[in-house]
Number of protein chains: 2
Amino acid sequence: MKKGGKRPRTKGEPAFYDEMKKRVNFTLTPTGIEGLDELAKAWDVSRSELMERIGRGVIPVSKPEESTS
Amino acid sequence: MKKGGKRPRTKGEPAFYDEMKKRVNFTLTPTGIEGLDELAKAWDVSRSELMERIGRGVIPVSKPEESTS
């Protein structure tokens, strides 16, 4: 699928970020997964992309300091 | 199944929640993973547990509505 007049997506090349994504395994309960799916849907992204954005700080997550201080 | 956290951890039994966890695969960039690790460290939990808590709403995450409205 072409995007914005750029080259078509090629395997082995990063799509949105400068780095290649790699597979990470998480162990979650079905309830946890469901909640993540809902969040992902709310942000209109995939579950992985949700995690990616949380990791990059694009989607802000509370930090313990914030709730304690 | 015994409950109450007294018994040693047994394989095949849930440790903290009432459900068995299952493996989920995410594809993330190293930067995303690093950020998640930092968040996990801040909360003093594992990466998976971080996701679990985010999914369960224990750790609050911004929703698009909140930042748009």
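Naming: A, B, ... by sequence-line order, numbering from 1 per chain.
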**OP:** Among A/L36, A/V58, A/T27, single out the residue with the greatest number of heavy-atom pairs under 4.5 Å to chain B.
**Re:**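 Option with the greatest count: A/T27.
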Subject >> Atom group of B/I59 that falls short of 4.5 Å from chain A, counting heavy atoms >> reply: side chain
First locate atom [atom1] of [X], then atom [atom2] of [Y], and finally report the distance between them rounded to the nearest 0.5 Å.
{"X": "B/F26", "Y": "A/S46", "atom1": "CZ", "atom2": "OG", "answer": "9.0 Å"}
{"X": "A/M51", "Y": "B/R47", "atom1": "CE", "atom2": "CZ", "answer": "12.0 Å"}
{"X": "B/I54", "Y": "A/L39", "atom1": "CD1", "atom2": "CG", "answer": "8.0 Å"}

Subject >> side chain to side chain contact (heavy atoms under 4.5 Å, CB included) partners for A/N25, two or more places apart >> reply: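 If we apply the side chain to side chain contact (heavy atoms under 4.5 Å, CB included) test to A/N25, skipping adjacent residues, the hits are B/R23, B/N25.
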**OP:** Go through the structure and list residues passing side chain to side chain contact (heavy atoms under 4.5 Å, CB included) with A/T29, not counting sequence neighbours.
**Re:** A/T31, B/Y17, B/E19, B/K21, B/E52, B/R56
**OP:** Output the option from B/A42, B/G35, B/P60 having the highest count of non-hydrogen pairs under 4.5 Å with chain A.
**Re:** B/P60
